[in-house]
Amino acid sequence: VQLQASGGGSVTAGGSLRLSCAASGHSFRSYSMGWFRQPPGKEREFVARISGSGATTYADSAKGRFTISRDNVKYTVYLQMNNLKPEDTAVYYCAGQSTTSNFQSQYNWRYWGQGTLVTVSS
């Protein structure tokens, strides 16, 4: 499985971006998919996850502002980010197929895309 993330960019606070992650592989529909981010100088952290059936979970920092969704026909997962804040500045990574129920840990995902940089200025 290969994951290709895109959609990062620079916005001012309060703006929006939509990240996309295109997946290869015929088992996409059964995979949970997630987004993580790594702020400058910090550890990679969980942002959001969507199960194969569409159930979603968000980090507290993302609740109410970010929406994760998936298109099982296009083999793509999205992260809609609204009301962006400077503290959302990070490299965002998509991940595929969590291997345990502890999907908030980066160590429990099998596949990773390359990162896409999001910069939010005040």
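These numbers were taken from a predicted model, which means no experiment stands behind them.
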Atom pair [atom1] ([X]) and [atom2] ([Y]), whose distance is rounded to the nearest 0.5 Å:
X     : Y     : atom1 : atom2 : result
Ile68 : Ile50 : CD1   : CD1   : 5.5 Å
Met33 : Leu79 : CE    : CG    : 11.5 Å
Leu84 : Thr89 : CG    : OG1   : 8.5 Å
Ser27 : Gln97 : OG    : CD    : 8.0 Å

message: Can you confirm whether more than 12 heavy atoms, excluding those of Gln2, are under 6.0 Å from its CD atom?
response: no
- request: Could you tell me whether Asp88 and Lys85 have a side-chain N and a carboxylate O separated by less than 4.0 Å?
  value: no
Given the rule that I, L, V, M, F, W and Y join up when any side-chain heavy atoms are under 4.5 Å apart, are [X] and [Y] in one cluster?
X      : Y      : value
Phe103 : Tyr58  : no
Val77  : Trp112 : no
Trp35  : Tyr111 : yes

Shortest non-hydrogen separation from [X] to [Y] and the atoms involved:
X     : Y     : value
Ser32 : Arg70 : CA-NH1, 4.2 Å
Arg37 : Ala90 : CB-CB, 3.8 Å
Asp71 : Lys74 : OD1-N, 3.0 Å

Are [X] and [Y] packed together at the side-chain level, in the sense that at least one heavy-atom pair is separated by less than 4.5 angstrom?
X     : Y      : answer
Gln80 : Ser69  : no
Met81 : Val118 : yes
Val91 : Phe36  : no

field: Under 3.5 Å: donor-acceptor pair, side chain of Asn72, backbone of Arg29
entry: no
message: Between Thr100 and Asn108 (side chain of the first, backbone of the second, donor and acceptor by atom type, cut-off under 3.5 Å), is there such a pair?
response: no
Residues 3-21, side-chain donor-acceptor partners within the protein, below 3.5 Å, at least two apart:
unit_1, atom_1, unit_2, atom_2, d
Ser16, OG, Asn82, OD1, 3.0

Over-ring placement of Arg49 relative to Trp109, 6.0 Å and 45° cut-offs: no
- prompt: How is the hydrophobic cluster of Tyr78 composed, in terms of its other members, when Ile, Leu, Val, Met, Phe, Trp and Tyr link through side-chain heavy atoms under 4.5 Å apart, directly or indirectly?
  reply: none
Residues that Tyr75 engages under side chain to side chain contact (heavy atoms under 4.5 Å, CB included), provided they are two or more places apart: His26, Phe28
